[in-house]
Amino acid sequence: MIVIVLGSLVLSSQAASAATTPGRAMWVWSWSDAGSVVQLAQSRGVDTLFVAVPPDLTTSPSLPRVRDLVTQARGAGLRVDALGGDPGWVDNPTWAVDHWVRPTIATGLFTGLHVDVEPWTTTAWTTRQATTVSKYLTLLDRLVTASGTRPVEADIPFWFDQVKAGKKSTLDRETMRRVSAVTIMAYRNTAAGADGTLAVAAAELASAASLGKPVRIGQETNYLGPDPTEVKQTFYGQTLTRMNDQLAQVDSGARTYATYVGIAVHDFTGYAAMAP
């Protein structure tokens, strides 16, 4: 009887987990009206906002508009994390802590921090990659320590699993070991296929599951350029209907990974401009 009851409880737990709808997050780099951001989030099922925060927020002229957006979003039941990051932070983590992390936390506005640093955009990534990787990981350590009890989530490209971090590890895994969660920038406008979102994100979804780290998949809606390589990375110019169909396929495929928590849409501007 005990075995039967325990087995039933496990199955019930698994069924409840499988029935959970993956979440939706949205990057918000710029906005003119806080209400429109919140309205879009509610209409599209977005439950988390990554809101761009400038340096020295406590003394910034942007503080009132940031506070307005956060207040409205929280009033609507949305989670709001502070969004920031710059490749230059890799070489100056003390500045990032003193001028971004601490002032941001001091406002008391945000649940967590969401960082988008992108060290691979620097010249040093090509000329001194191992050193840059080490500096990047040191930066993450500093950001996490300075954040205290607030979770830190990091954006990573889908190919971080191909970058060495030390002698026996890869950059996706070392990033995940340091932060609370990651968002994989697996930008494709097709879910399935050898070059679709699910395929390019698979290695890092597996890494996250093995490490027990929550993971989102990022999807793009902005114009990136006319080249076919750029076109395939974004839903720009496509309908919201088609995008939703592809995102549903991403959810269906990615939820087989234990720590998958949903999709993050980049960004408010591009998402709001999509035709039905």
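Position 1 is the first residue of the sequence, and the numbers go up from there. Please read these numbers as outputs of a predicted model, since none were measured by experiment. Hydrogens, waters and symmetry mates are skipped; everything else that's a heavy atom, side chains included, is used.
- How far CG of Leu109 is from OG1 of Thr71: 6.5 Å, rounded to the nearest 0.5 Å.
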Q: Might you work through the side chain to side chain contact (heavy atoms under 4.5 Å, CB included) test for Asn189 and Thr234, ending with a clear yes or no?
A: CA-CA 5 Å; Asn189 58 28; Thr234 179; 5.7 Å; no
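- Scanning both residues, His266 and Trp29, for their nearest heavy atoms gives NE2-NE1, 3.0 Å.
- In this structure, Asp172 contributes its side chain and Thr175 its backbone to no donor-acceptor pair below 3.5 Å.
- Hydrophobic clustering (ILVMFWY, side-chain heavy atoms < 4.5 Å, transitive): Leu57 and Val117 are in one cluster.
- The minimum heavy-atom distance linking Val200 with Ala186 is given by the pair CG2-CB, 3.8 Å.
- Looking only at atom types and distance, the side chain of Arg142 has a donor-acceptor partner in the side chain of Thr94 under 3.5 Å away.
- Relative to the six-membered ring of Trp31, Arg65 meets both conditions, a distance below 6.0 Å and an angle of at most 45° to the axis.
- Crowding of Gln238 atom CD: a count of heavy atoms from other residues, nucleotides or ligands under 6.0 Å exceeding 12.
- Taking the charged nitrogens against the carboxylate oxygens, Arg24 and Asp251 do have a contact shorter than 4.0 Å, which makes a salt bridge.
- Taken from CG in Leu113 to CD1 in Ile105, the straight-line distance is 5.0 Å, to the nearest 0.5 Å.
- Taken together through direct or relayed side-chain contacts under 4.5 Å among Ile, Leu, Val, Met, Phe, Trp and Tyr, Tyr257 and Met185 form part of one hydrophobic cluster.
- In the hydrophobic cluster analysis, where Ile, Leu, Val, Met, Phe, Trp and Tyr join through side-chain heavy atoms closer than 4.5 angstrom, Leu83 is grouped together with Val70.
- A 4.5 Å side-chain heavy-atom check between Val182 and Lys213 finds every atom pair outside the cut-off.
- Formation of a donor-acceptor pair under 3.5 Å by the Thr197 side chain with backbone atoms of Arg188 is found in this model.
- Side-chain atoms of Arg44 come within 3.5 Å of backbone atoms of Tyr271 as a donor-acceptor pair (strictly under, hydrogens ignored).
- Atom OG1 in Thr259 sits 7.5 Å away from atom CG in Leu205 (nearest 0.5 Å).
- With rounding to the nearest 0.5 Å, the separation of CG in Asp195 from CG in Leu198 is 12.0 Å.
- A perpendicular orientation is assigned to the rings of His114 and Trp27, their planes being inclined by more than 60° (bins at 30° and 60°).
- The side-chain heavy atoms of Gln129 and Lys164, taken from C-beta on, include no pair separated by under 4.5 Å.
- Between the CD atom of Gln72 and the CG atom of Asp33 there is a distance of 7.0 Å, given to the nearest 0.5 Å.
- Leu40 and Met26 get closest at one heavy-atom pair: CD2-SD, 3.9 Å.
- With hydrogens and angles disregarded, no donor-acceptor distance shorter than 3.5 Å links the side chain of Gln246 to the backbone of Arg242.
- A chain of hydrophobic side-chain contacts below 4.5 Å, direct or via other Ile, Leu, Val, Met, Phe, Trp or Tyr residues, connects Val90 to Trp125.
- Residues Trp95 and Leu143 share a hydrophobic cluster, clusters being chains of Ile/Leu/Val/Met/Phe/Trp/Tyr side chains in contact below 4.5 Å.
- Side chains of Tyr260 and Ile184 form no contact here, defined as non-hydrogen atoms less than 4.5 Å apart.
- For the pair Ser210 and Arg173, the minimum side-chain heavy-atom distance is below 4.5 Å.
- Residues satisfying the ring pair (Phe, Tyr, Trp, His ring centres under 6.0 Å) test with Trp120, not counting sequence neighbours, are Trp159, Phe160.
- Put simply, CZ on Phe235 and OG1 on Thr190 are 7.0 Å apart, with the number rounded to the nearest 0.5 Å.
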